[in-house]
Protein chains: 2
Amino acid sequence: MAVSPEEVERRVDSLSHALRGSSLRLTHQRLEVIREVARSDEHPDVEALYRAVRERVPTISLDTVYRTVATLGDLGLVRRVALTPGPARYDANPSRHHHFVCTRCGLIRDVDDPELDAVRAPRGTASLGSVESVEVQLRGVCTPCHRKESDDHA
Amino acid sequence: MAVSPEEVERRVDSLSHALRGSSLRLTHQRLEVIREVARSDEHPDVEALYRAVRERVPTISLDTVYRTVATLGDLGLVRRVALTPGPARYDANPSRHHHFVCTRCGLIRDVDDPELDAVRAPRGTASLGSVESVEVQLRGVCTPCHRKESDDHA
DNA sequence: GTTACTGCAAACTTTTTGCACGACA
DNA sequence: TGTCGTGCAAAAAGTTTGCAGTAAC
């Protein structure tokens with residue numbers, strides 16, 4: 001259940017190198033946040049990372065942890081599990097369906113598709129708990145955002 | 001793209017009846033929030049619902065909208081699209097994987113499965129935008145929460 | 001030596017809560 | 001009529017930002 005030491009090392013290396021590659025500084029604080037996020041498979045929130053890192057770097061501040069995960073997220077090195085930042089959004093469509101989410105603007109569109117509906121929980125997940133619903137999330141960049149980006153680069 | 005009038009009516013009926021069925025009161029405010037959430041397929045946030053409902057019920061308060069969607073959510077009538085309430089959570093697992101999410105306690109566990117990895121975006125989604133990743137989310141109740149609930153009922 | 005990063009504090013956004021009044025069943 | 005729901009206001013929770021000092025390269 002825990003991430004193996006080798007895998008942790010691999011992740012720390014990979015994250016560190018990616019930072020350097022983007023000519024960002026690998027500070028003491030960033031390194032320890034990276035260690036912590038690499039070591040955990042419990043999808044920690046910022047507060048949990050902060051508590052853990054503070055044992056080794058007692059002077060680190062909560063906002064540095066926020067800034068570090070935001071930086072790692074921008075580089076695509078870590079991922080927010082809950083999709084959209086900002087306010088919670090609601091869906092009253094009672095039929096089974098899936099979602100396309102734009103990672104740029106947060107647009108969410110329903111996706112109806114029989115093949116996606118056919119996806120079932122693997123047997124192995126029964127040990128985690130009882131699965132009550134299966135939803136496929138497609139992440140990408142929506143057409144309007146694409147257009148906007150090519151305009152910006154023009 | 002808009003929800004058809006018949007479908008809206010069906011949803012409003014269904015939501016209203018479910019409320020009554022739980023011996024909750026169908027107030028003017030609740031009915032209008034229900035109308036609004038049923039009418040939209042844009043996954044509105046609470047603020048957007050508030051703005052829309054206020055055109056018809058100018059005296060409604062933001063917290064009533066919050067309480068109404070929370071009530072509808074508890075009854076399973078509407079769904080938060082972003083999974084977990086509370087703080088954003090991060091994942092440093094770089095390999096393709098999926099998630100099991102407990103709707104009771106918010107536990108998130110990685111799920112590795114080749115069959116889920118094989119799920120592809122349907123062709124039709126190309127019109128929405130470019131799909132960069134496909135993730136399956138399994139929602140349910142984790143084993144510890146199950147145990148806790150049977151204990152509570154004992 | 002520069003420039004980017006940090007810590008602090010304050011602000012901002014999103015959501016929740018306590019209380020007294022008003023409205024539904 | 002009794003109870004549940006509402007509006008108001010304040011607070012809590014989560015996150016972001018400006019600034020001056022500090023540390024990485």
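Below, read A as the first sequence line, B as the second, and so on, with proteins coming before strands; counting in each chain starts at 1. Side-chain atoms are counted along with the backbone in the values below, which use heavy atoms only and exclude waters and symmetry mates. Since we're looking at a predicted model, the values are computed, not measured.
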(message) Can you tell me if B:Thr64 touches the phosphate of D:dG7, counting only side-chain N or O atoms and a distance under 4.0 Å to OP1 or OP2?
(response)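 The answer is yes; a side-chain N or O of B:Thr64 sits under 4.0 Å from OP1 or OP2.
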Rounding to an integer number of Å, can you tell me how far [X] [atom1] sits from [N] [atom2]?
{"X": "B:Arg30", "N": "D:dC4", "atom1": "CZ", "atom2": "C1'", "answer": "8 Å"}
{"X": "B:Arg80", "N": "C:dT14", "atom1": "CZ", "atom2": "P", "answer": "13 Å"}
{"X": "B:Tyr50", "N": "C:dT13", "atom1": "OH", "atom2": "P", "answer": "15 Å"}
{"X": "A:Leu62", "N": "D:dT15", "atom1": "CG", "atom2": "C1'", "answer": "9 Å"}
{"X": "A:Arg89", "N": "C:dT14", "atom1": "CZ", "atom2": "C1'", "answer": "14 Å"}
{"X": "A:Leu31", "N": "C:dA4", "atom1": "CG", "atom2": "P", "answer": "21 Å"}
{"X": "A:Tyr66", "N": "C:dT6", "atom1": "OH", "atom2": "P", "answer": "16 Å"}
{"X": "B:Leu49", "N": "C:dT14", "atom1": "CG", "atom2": "C1'", "answer": "14 Å"}

(request) Just grab all the salt bridge (charged side-chain N to carboxylate O under 4.0 Å, His left out) pairs involving residues 18-27 of chain A, residues at least two apart or on different chains. (result)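 Sorted pair list comes back empty.
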(message) Quick test of your reading: applying salt bridge (charged side-chain N to carboxylate O under 4.0 Å, His left out), list the pairs with at least one residue in residues 54-65 of chain A, sequence neighbours left out, ordered by first then second residue.
(response)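 For residues 54-65 of chain A, and leaving out neighbouring residues, the salt bridge (charged side-chain N to carboxylate O under 4.0 Å, His left out) pairs sorted by first residue read A:Glu32-A:Arg56, A:Glu36-A:Arg56, A:Asp63-A:Arg67.
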(request) Go along nucleotides 18-25 of chain C 5' to 3' and tag each nucleotide: B for a protein heavy atom under 4.0 Å from its base, S when only backbone or sugar atoms are that close, - otherwise. (result) B----BBS
(request) Mind checking which stems touch DNA chain C? I mean at least 3 consecutive Watson-Crick or G-U pairs, both distances under 3.5 Å. (result)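 Paired runs of 3+ in DNA chain C: C:1-25 with D:1-25.
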(request) Answer with base, sugar-phosphate or nothing: what part of the nucleic acid does B:Ser23 contact at a heavy-atom distance below 4.0 Å? (result)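 Nothing, no nucleic acid heavy atom in range.
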(message) Once ring-ring contact (aromatic ring centres under 6.0 Å, His included) is applied, do any residues pair with B:His43, and if so which ones, sequence neighbours excluded?
(response)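 With sequence neighbours excluded, B:His43 shows a ring-ring contact (aromatic ring centres under 6.0 Å, His included) to A:His99, given in chain and number order.
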(message) A side-chain contact here means heavy atoms from C-beta on lying under 4.5 Å apart; do B:Ser133 and B:Val131 qualify?
(response)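 Contact flag for B:Ser133/B:Val131 side chains = no.
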(request) Taking side-chain hydrogen bond (donor to acceptor under 3.5 Å, both in side chains) as the test, write out the residues that go with A:Thr64, two or more places apart. (result)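 Listed in chain order: A:Ser61.
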(request) Could you list the residues that satisfy side-chain hydrogen bond (donor to acceptor under 3.5 Å, both in side chains) with A:Ser130, not counting sequence neighbours? (result)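 Only B:His146 meet the side-chain hydrogen bond (donor to acceptor under 3.5 Å, both in side chains) criterion with A:Ser130.
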(request) Return yes if some donor-acceptor pair links the side-chain N/O of A:Thr27 with the main-chain N/O of A:Arg30 below 3.5 Å, else return no. (result)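 Looks like yes, one N/O pair under 3.5 Å.
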(request) Could you list the residues that satisfy salt bridge (charged side-chain N to carboxylate O under 4.0 Å, His left out) with B:Arg51, not counting sequence neighbours? (result)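 By the salt bridge (charged side-chain N to carboxylate O under 4.0 Å, His left out) rule, B:Arg51 matches no residue at all.
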(message) Tell me every residue that passes salt bridge (charged side-chain N to carboxylate O under 4.0 Å, His left out) with B:Glu115, counting only those two or more places apart in sequence or in another chain.
(response)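 For B:Glu115 the salt bridge (charged side-chain N to carboxylate O under 4.0 Å, His left out) partners, ignoring immediate neighbours, are A:Arg123.
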(request) Please tell me which of A:Glu47 and B:Val65 maps to the more 5' nucleotide of DNA chain D, matching each residue to the nucleotide holding its nearest heavy atom. (result)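 Its nucleotide being nearer the 5' end, the pick is B:Val65.
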